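Just so it is clear, the model here is predicted, and its values are computed rather than measured. Nothing fancy with the numbering, it's 1 onward along the sequence.
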Amino acid sequence: MSALFSMSGLRNALSAAALSLAFAGAGILPAPAQVKKESDVRIVFVTHGQANDVYWSVVKNGMQAAAQQLGVKVEYQAPETFDVVRMARMIEAATASKPDGLVVSIPDMDALKAPVEAAKAAGIPVVVIDSGEEAVEPWGLDLFVGGGSEYDNGVKAGEIMAKAGVKKGVCINHEVGNVSLDKRCEGYNDGLKKSGGSSDVVAATMDPTDVTRRVEGYLTAHPDVTGVLTLGPTVAAPLLKMFEDAGTIGNYKIGTFDLSPEILYAVAKGTMMFGIDNQQYMMGYYPVVFLTNKAMYKTFPTSAVRTGPSFIMKEDAAAVRDLSKAGIR
């Protein structure tokens with residue numbers, strides 16, 4: 001079986017699984033007649049994903065795969081950099097275009113409450129992905145699709161490192177103010193605290209030069225730190241290179257949220273402890289399936305759909321790497 005055929009088979013399996021999940025979650029069978037043709041369905045994504053963040057390119061791949069399989073139209077928008085004001089304007093513009101469904105991430109509830117609630121008030125179904133699950137019920141939104149509690153994932157990361165001997169760690173946050181990322185760092189500290197440890201937060205950007213300069217300066221000033229947690233592969237990759245070039249990678253226990261081929265190679269090699277996978281491909285894929293079914297048949301899941309987390313350790317990394325190279329993991 002060729003690699004290409006394997007990817008196609010996986011996508012078809014996901015399509016069938018997603019359709020089954022949509023119907024099962026709704027608890028009813030589709031209506032005998034379509035309310036709308038698939039060719040007339042249009043779904044808009046507006047997220048906070050930065051242009052150079054490989055995490056969000058996987059979300060887009062899932063979105064596009066579902067659209068191609070179902071024959072519907074999709075649009076994806078995000079600010080070039082982390083900018084919730086710009087994101088709010090994009091949501092307002094998307095609402096004005098009257099799509100059949102709106103898919104958003106909510107990294108800042110205060111900044112995005114008004115435009116998201118306005119979309120819902122306009123009669124547009126709203127699915128939240130990745131971050132902002134806590135807004136779904138109070139704002140009357142339709143569904144959350146994403147991983148488990150970011151705080152709990154951080155706690156587990158801290159516990160794993162504490163078990164490996166880390167007493168003092170550092171959490172590298174490239175989007176301070178993004179509630180989900182802040183929760184990851186908070187959980188990491190609390191996970192270490194259970195064994196008497198603690199962690200600091202280093203604020204950084206996604207620029208490789210900036211993040212390596214900041215982390216190198218912090219570690220020089222804090223020689224007791226032996227644990228490093230990053231919140232995405234775009235930040236983790238230059239730090240791994242920095243440690244390897246300096247010959248210090250063996251001095252640290254390193255873990256990260258989210259995956260990339262570079263991360264999985266490092267986990268398989270043993271230079272990184274783990275990668276936390278929230279399977280964001282499905283955060284792009286499932287909302288298109290669910291919102292298409294809602295537009296065509298008025299069926300929809302009735303509770304949150306979990307896509308993670310999965311902690312990828314050394315024994316699993318090699319098997320996942322080919323899927324990551326294909327933009328699916």
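For CZ of Arg86, the number of neighbouring non-hydrogen atoms (other residues, nucleotides, ligands) closer than 6.0 Å is 12 at most. Within a 6.0 Å sphere centred on CD of Glu134, other residues, nucleotides and ligands contribute more than 12 heavy atoms. At most 12 heavy atoms of other shown residues, nucleotides or ligands fall within 6.0 angstrom of atom NZ in Lys183.
Rounding to the nearest 0.5 Å places OG1 of Thr271 at 4.5 Å from CD1 of Ile249. For the atom pair CD of Glu175 and CE of Met206, the computed distance is 6.5 Å after rounding to the nearest 0.5 Å. Interatomic distance, Arg89 CZ to Gln77 CD, rounded to the nearest 0.5 Å: 14.0 Å. Taking CZ from Phe311 and NZ from Lys156, the interatomic distance works out to 5.0 Å, rounded to the nearest 0.5 Å. One distance of note links CD of Glu117 with NZ of Lys113; it measures 3.5 Å at 0.5 Å rounding. A distance of 5.0 Å separates OG of Ser324 from CG of Leu264, quoted to the nearest 0.5 Å.
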Hey, mind stepping through Arg214 and Asp210 against salt bridge (charged side-chain N to carboxylate O under 4.0 Å, His left out) and telling me if it holds?
CA-CA 6 Å; Arg214 290 174 186 253; Asp210 176 76; 2.8 Å; yes
List the steps, then state whether side chain to side chain contact (heavy atoms under 4.5 Å, CB included) holds for Met273 with Val267.
CA-CA 6 Å; Met273 290 188 73; Val267 174; over 6 Å; no
Just do the side-chain hydrogen bond (donor to acceptor under 3.5 Å, both in side chains) check on Tyr55 and Asp130 with the steps written out, would you?
CA-CA 11 Å; Tyr55 174 90; Asp130 179 73; 2.6 Å; yes
Under the side chain to side chain contact (heavy atoms under 4.5 Å, CB included) rule, what do Val305 and Phe290 come out as? Steps first, then yes or no, please.
CA-CA 11 Å; Val305 177; Phe290 296 148; 3.8 Å; yes
Step by step, would you call Asn61 with Tyr285 a side chain to side chain contact (heavy atoms under 4.5 Å, CB included)?
CA-CA 8 Å; Asn61 289 342; Tyr285 192 95; over 6 Å; no
Apply salt bridge (charged side-chain N to carboxylate O under 4.0 Å, His left out) to Asp142 and Lys120, showing your working.
CA-CA 9 Å; Asp142 295 87; Lys120 185 62 185 172; 2.8 Å; yes
Applying side chain to side chain contact (heavy atoms under 4.5 Å, CB included) to Leu239 and Thr212, what does each step give before you reach the verdict?
CA-CA 6 Å; Leu239 291 179; Thr212 52; 4.1 Å; yes
Would you sort out whether Lys193 and Asp190 count as a salt bridge (charged side-chain N to carboxylate O under 4.0 Å, His left out), showing the intermediate values?
CA-CA 5 Å; Lys193 191 185 294 183; Asp190 290 348; 3.6 Å; yes
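The closest donor-acceptor contact from the side chain of Asp108 to the backbone of Asp110 lies under 3.5 Å. In this structure, Ser97 contributes its side chain and Ala94 its backbone to a donor-acceptor pair below 3.5 Å. Not a single donor-acceptor pair under 3.5 Å links the side chain of Thr248 to the backbone N or O of Asn251.
With a 4.5 Å cut-off between side-chain heavy atoms of Ile, Leu, Val, Met, Phe, Trp and Tyr, the cluster of Tyr151 takes in Val155.
A 4.5 Å side-chain heavy-atom check between Val288 and Val72 finds at least one atom pair inside the cut-off. When side chains are defined from C-beta on, Pro287 does not count as touching Ile43, because their heavy atoms never get closer than 4.5 Å. Counting only heavy atoms from C-beta outward, the side chains of Ile106 and Met109 approach each other to under 4.5 Å. Two residues are said to be in side-chain contact when any heavy atoms from C-beta on lie closer than 4.5 Å; Phe274 and Ile160 meet this criterion. Counting only heavy atoms from C-beta outward, the side chains of Asn153 and Glu150 approach each other to under 4.5 Å. Contact annotation: the side chain of Val46 never approaches that of Val103 to less than 4.5 Å [non-hydrogen atoms, C-beta and beyond]. Put simply, the side chain of Phe300 does not reach to within 4.5 Å of the side chain of Asn293, judged on heavy atoms. Residues Ser198 and Lys168 have side chains in contact (heavy-atom distance under 4.5 Å, counting atoms from C-beta outward).
Of all heavy-atom pairs spanning Ala119 and Val126, the tightest one is CB-CG2, 4.2 Å. Of all the heavy atoms in Val84 and Pro107, the pair that sits closest is CG1-CG, 4.0 Å. Taking each heavy atom of Leu102 and Leu291 in turn, the nearest pair found is N-CD1, 4.3 Å. Here the shortest heavy-atom pairing between Met63 and Glu75 reads SD-O, 4.2 Å. Shortest non-hydrogen contact noted between Pro115 and Thr95 is O-OG1, 4.4 Å. Shown here for Thr47 and Pro79, the closest heavy-atom pair between the two residues is O-CD, 3.3 Å.
Within the structure, the disulfide (SG to SG under 2.5 Å) test picks out the following pairs touching residues 177-228 (sequence neighbours left out): Cys171-Cys185. Contacts classified as salt bridge (charged side-chain N to carboxylate O under 4.0 Å, His left out) and involving residues 262-282 (residues at least two apart or in different chains) are given here: Glu244-Lys269, Asp277-Arg329. For residues 305-320, the set of pairs meeting the side-chain hydrogen bond (donor to acceptor under 3.5 Å, both in side chains) definition, not counting sequence neighbours, comprises Glu133-Arg306. The salt bridge (charged side-chain N to carboxylate O under 4.0 Å, His left out) analysis of residues 55-64, with sequence neighbours excluded, yields no pairs.
Aromatic ring orientation, Tyr76 versus Trp56: tilted (interplanar angle from 30° to 60°). Between Phe82 and His48, the ring planes lie perpendicular to each other; the angle is over 60°, past the 30° to 60° tilted range.
Hydrophobic cluster membership is shared by Val44 and Ile91, with clusters built from Ile, Leu, Val, Met, Phe, Trp and Tyr side chains linked at under 4.5 angstrom. Both Met313 and Phe257 sit in one connected hydrophobic cluster of ILVMFWY residues. Membership requires side-chain heavy atoms under 4.5 Å apart, directly or through other members. By the criterion of side-chain heavy atoms lying less than 4.5 angstrom apart, applied directly or through intervening Ile, Leu, Val, Met, Phe, Trp or Tyr residues, Met296 is not grouped with Ile124; the two fall into different hydrophobic clusters. Tyr286 and Val58 fall within a single hydrophobic cluster, where Ile, Leu, Val, Met, Phe, Trp and Tyr side chains are chained together by heavy-atom contacts under 4.5 Å. When hydrophobic clusters are built by joining Ile, Leu, Val, Met, Phe, Trp and Tyr residues whose side-chain heavy atoms come closer than 4.5 Å, directly or via intermediates, Ile276 is not grouped with Leu259.
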Indicate every side-chain donor-acceptor pair of residues 219-236 with a distance under 3.5 Å to a residue at least two apart or in another chain.
unit_1: Thr220; atom_1: OG1; unit_2: Glu216; atom_2: O; d: 2.8
unit_1: His222; atom_1: ND1; unit_2: Tyr218; atom_2: O; d: 2.8
unit_1: Thr230; atom_1: OG1; unit_2: Thr256; atom_2: OG1; d: 2.6
unit_1: Thr234; atom_1: OG1; unit_2: Val54; atom_2: N; d: 3.4

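Neither side chain, Tyr188 nor Glu159, offers a donor N or O lying under 3.5 Å from an acceptor on the other. For Asn173 and Asp182, the side-chain atoms include at least one donor-acceptor pair closer than 3.5 Å.
Between Asp100 and Lys294 there is no salt bridge, since no side-chain nitrogen of the basic residue lies less than 4.0 Å from a carboxylate oxygen of the acidic one. A salt bridge links Lys241 with Asp245: the distance from a Lys NZ or Arg NE/NH1/NH2 to an Asp or Glu carboxylate oxygen falls below 4.0 Å.
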